[in-house]
Amino acid sequence: EIKNPLNRVVANAEEGMTEQIMKDIRRDSQKISAIVNSVEILIHDPKSLSATFTIFDWSEVKENLTLDFNTYLNSMNIKFDFSELKGKFYGNKPLLYQLLRNHVVNAIEAIGVRKDESSEIAVKLVNQGNDLVLLIINTNSSIKEKDYERIFEPHFTTKKNQTNKGLGLAFSKSIVD
């Protein structure tokens, strides 16, 4: 359902667009398509997900996140630190990107969009032995201890925003699992 309109967007956008805009649309369309394909596999046949793994560099993921959150980078002091990650990694890059994106969106929503010097979101990936650890630190907001056990439940949310469906962290957990 998502892929069909994307093809039309690309086809219709080719008229009257600058080459850079077309390049951006194609890149974003391919990124969305890769995420949708990976999510379909994750939902319908998670055991075959490893067939979608590729070798990639985290700098590519960081670049995509930086493009996605460009409007927030300065106003909210968002920092992406993948400096401890050396070499190439093997995994499903679109899903790992989506996992990070979900957590950044969650942090932005928790803090609220402010042009406040004290607002900061730090996203850090570190190696701990054979594990990759994701650290998300946001100022001015925290998860209440009573909610710890429920934050990964589908449809659970502490946000009063009516558009929030409480699926981001549940989806992130399914990626990690």
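Every heavy atom of this structure was used, including side-chain atoms; hydrogens, water molecules and symmetry mates were not.
Here Lys173 pairs with Asp177 under the side chain to side chain donor-acceptor pair (under 3.5 Å) rule; sequence neighbours left out. Residues satisfying the ring pair (Phe, Tyr, Trp, His ring centres under 6.0 Å) test with Tyr148, not counting sequence neighbours, are none. The salt bridge (charged side-chain N to carboxylate O under 4.0 Å, His left out) test applied to Glu84 returns Lys124, not counting sequence neighbours. For Thr66, the side chain to side chain contact (heavy atoms under 4.5 Å, CB included) test picks out Lys62, Leu73, Phe80, with sequence neighbours left out. Remark: Asp57 engages Ser59 in a side chain to side chain donor-acceptor pair (under 3.5 Å) (not counting sequence neighbours). With sequence neighbours left out, Asn102 forms a side chain to side chain donor-acceptor pair (under 3.5 Å) with Gln98, Ser172. With sequence neighbours left out, the side chain to side chain donor-acceptor pair (under 3.5 Å) criterion links Asp45 to Ser48. In this structure, the ring pair (Phe, Tyr, Trp, His ring centres under 6.0 Å) partners of Phe56, at least two apart in sequence or on a different chain, are Trp58. Phe152 is linked by a ring pair (Phe, Tyr, Trp, His ring centres under 6.0 Å) to nothing, counting only residues two or more places apart in sequence or in another chain. Applying the side chain to side chain contact (heavy atoms under 4.5 Å, CB included) rule to Ser83 yields the partners Asp81; only residues at least two apart in sequence or on another chain are considered.
Annotation: side chain of Phe82 is in contact with side chain of Leu65 (closest heavy-atom distance under 4.5 Å). Looking at His103 and Leu134, their side chains come closer than 4.5 Å, going by heavy atoms from C-beta outward. No side-chain heavy atom of Val61 sits under 4.5 Å from any side-chain heavy atom of Leu96. Using a 4.5 Å heavy-atom threshold, the side chains of Val104 and Phe69 count as touching. Looking only at side-chain heavy atoms (C-beta outward), Phe89 and Asn127 come within less than 4.5 Å of each other.
Under the 4.5 Å side-chain heavy-atom criterion for ILVMFWY residues, no single connected hydrophobic cluster contains both Ile121 and Leu67.
A distance of 4.0 Å separates CD in Glu60 from NZ in Lys93, rounded to the nearest 0.5 Å. How far CG of Asn106 is from CD1 of Ile136: 9.0 Å, rounded to the nearest 0.5 Å.
Pairs engaging residues 98-108 under the salt bridge (Lys or Arg N to Asp or Glu O under 4.0 Å) rule: Asp68-Arg101 [sequence neighbours left out].
Of the possible donor and acceptor atoms, one in the side chain of Asn92 sits under 3.5 Å from a partner among the backbone N and O of Leu95.
The two residues Phe156 and Ile151 have their closest heavy-atom pair at CD2-CA, 3.8 Å.
Cluster partners of Val126, by chain and number: Val133, Leu135. The rule joins Ile, Leu, Val, Met, Phe, Trp and Tyr whenever side-chain heavy atoms lie under 4.5 Å apart.
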